[in-house]
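Because only heavy atoms are used, hydrogens play no part in the values below, and waters and symmetry mates are left out as well, while side chains stay in. Being a predicted model, the structure only gives us computed values, none of them experimental.
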Amino acid sequence: MDSERRVHPDCINASNPYHECVEYCFKKIAQAKAKLEKQGLVEAVSGQSRETPADKIVEEESSEEEDEEEDNQEPEVDVSQLTGRKKKLYELRLKMNEARKFNQTDVGSEKKKMEAPTEPKGISKQKWVEARHKKIGKILDANGLDMSKAYMLDTQETAETKYKKWEKEPTPSGWDVFNQKTLYNAYKKRTKNIQVDIEEYNRMRAADPEFYREASSLQYGKAPKISKDKIDKMAKELHDREEKRQEFSRRRKFREEKDIDSINDRNEHFNKKIERAFGKYTLEIKNNLERGTALPD
């Protein structure tokens, strides 16, 4: 069966046992030989060692690319002999070729930027930690210590920074904001800057026999005499607290596509609270008003 097959040895499908060469195959083989002869590679084809079909395909593609580059290149023309439209057309072709080269260069550079680098720039964090552990390990070995004693290499400033981080309590969140411990801590923070006059306190306690009043006292509920400077201090503390509260603002993101249903920030906040409480009950009424079906005829 193999002897009856008509297969040319240079055909790219020669390895296929069911293939038989036709006129198209011989035409392609002739074209490939012509291109090889044009490039001066006739010896590689006519020699004892034959190339594989894959090598021929690669050579054909490379030769086609070279032919395209030759076609794109502008032939040498004497510009001095050109006049009028021919000269202008020649200049336009030169500009087109130059722009084509720049585009190819920019595409290549853009492709390199888009591709992820195989190795990140610089030393990665894991490598840096490993190098640091190795360096610390050498110093500890020289002093006869192990890695569990690495804290002995810290300076006083480094140790103080670590202790401050460890001793710092996390910020309360959620329902922990309203528990007794958090409220007590807030009270201590407010009273930390208040100066107490012990002498005046002892003098007021000695002057009033019922300084610590009980529920059975006849003077219970009577306002004590307080000096004006104490009232001014209290008013100043409340004023400073209000200013500090106004400075703390968590600005929400403004969405332009959202419908405007408020006149200021406070009104917007109020509308949100109302929507959370009664939005699901008034949804149908809102939809009817928007469609116009709820309006009287």
Side-chain angles (χ1 to χ4, degrees), residues 110 113-116 120 124-126 160-197 200-201 204-205 208 210-297:
E110 188 70 20
K113 289 180 182 179
M114 295 295 290
E115 291 177 354
S124 62
K125 186 176 181 180
Q126 185 177 0
E160 289 178 355
T161 306
K162 286 184 179 180
Y163 289 137
K164 285 182 180 178
K165 288 183 179 179
W166 294 341
E167 293 174 358
K168 187 176 180 181
E169 295 182 359
T171 306
S173 60
W175 291 108
D176 293 336
V177 178
F178 305 104
N179 59 23
Q180 294 296 323
K181 183 180 178 181
T182 306
L183 295 175
Y184 178 66
N185 291 336
Y187 170 77
K188 288 197 300 182
K189 189 176 181 181
R190 289 182 61 187
T191 58
K192 184 172 62 176
N193 299 326
I194 298 176
Q195 297 179 359
V196 180
D197 191 352
E200 185 178 359
Y201 173 76
M204 292 175 64
R205 186 177 62 176
D208 190 358
E210 294 186 0
F211 187 77
Y212 299 108
R213 298 173 187 174
E214 298 179 355
S216 60
S217 175
L218 296 177
Q219 296 184 2
Y220 184 79
K222 183 180 178 180
K225 294 181 180 179
I226 301 174
S227 59
K228 191 175 182 304
D229 58 341
K230 299 286 190 304
I231 297 175
D232 294 340
K233 285 182 180 179
M234 184 187 68
K236 185 178 181 302
E237 194 271 337
L238 293 174
H239 183 68
D240 294 342
R241 188 183 177 194
E242 184 65 25
E243 287 184 350
K244 190 173 182 180
R245 184 182 296 152
Q246 289 179 0
E247 290 177 359
F248 176 76
S249 175
R250 191 163 50 122
R251 189 70 179 175
R252 268 68 172 180
K253 186 177 180 181
F254 178 73
R255 294 179 174 82
E256 295 181 355
E257 66 275 6
K258 187 179 178 182
D259 294 337
I260 298 174
D261 58 352
S262 58
I263 58 175
N264 52 33
D265 292 341
R266 291 188 64 184
N267 183 234
E268 182 183 1
H269 184 63
F270 178 77
N271 291 343
K272 287 181 179 178
K273 292 168 68 175
I274 294 295
E275 181 66 24
R276 284 199 298 268
F278 305 105
K280 58 183 178 180
Y281 304 111
T282 59
L283 180 61
E284 186 177 356
I285 300 174
K286 282 184 178 180
N287 294 335
N288 293 336
L289 289 172
E290 290 179 359
R291 289 193 299 265
T293 56
L295 299 177
D297 297 335

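Checking side-chain atoms of Asp261 against main-chain N and O of Asn271 turns up no donor-acceptor pair under 3.5 Å.
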Inset, instruction - For the pair Asp197 and Met204, evaluate side chain to side chain contact (heavy atoms under 4.5 Å, CB included) and give the outcome as yes or no after the intermediate values. - result: CA-CA 11 Å; Asp197 191 352; Met204 292 175 64; over 6 Å; no
Inset, instruction - Show your working on salt bridge (charged side-chain N to carboxylate O under 4.0 Å, His left out) between Glu247 and Lys244 and close with a plain yes or no. - result: CA-CA 5 Å; Glu247 290 177 359; Lys244 190 173 182 180; over 6 Å; no
Legend entry - Derivation and outcome, side chain to side chain contact (heavy atoms under 4.5 Å, CB included), residues Lys181 and Asn185: CA-CA 6 Å; Lys181 183 180 178 181; Asn185 291 336; 3.9 Å; yes
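Applying the ring pair (Phe, Tyr, Trp, His ring centres under 6.0 Å) criterion to Phe270, with sequence neighbours excluded, gives no partner residue. Checked against ring pair (Phe, Tyr, Trp, His ring centres under 6.0 Å), Tyr163 has the following partners two or more places apart in sequence or in another chain: Trp166. Residues that satisfy the side-chain contact (heavy atoms from CB on, under 4.5 Å) test with Lys192, not counting sequence neighbours, are absent from this structure.
When each of Glu284, Glu290, Lys286 is paired with Asn288, the side chain to side chain contact (heavy atoms under 4.5 Å, CB included) condition holds for Glu284 and for no other. Partner of Asp232 under the side chain to side chain contact (heavy atoms under 4.5 Å, CB included) criterion, chosen from Met234, Lys228, Lys236: Lys228.
Within a 6.0 Å radius of CD in Glu214, no more than 12 heavy atoms belonging to other residues, nucleotides or ligands are found. Summarising the local packing, CD of Glu243 is surrounded by more than 12 heavy atoms from other residues, nucleotides or ligands at distances under 6.0 Å.
For the atom pair NZ (Lys230) and NZ (Lys233), the distance works out to 5.5 Å, reported to the nearest 0.5 Å. Note that the NZ atom of Lys189 and the OH atom of Tyr187 stand 16.0 Å from one another [nearest 0.5 Å].
Side chains of Glu237 and Thr191 form no contact here, defined as non-hydrogen atoms less than 4.5 Å apart.
Nearest heavy atoms, Glu210 versus Arg213: O-CG, 3.0 Å.
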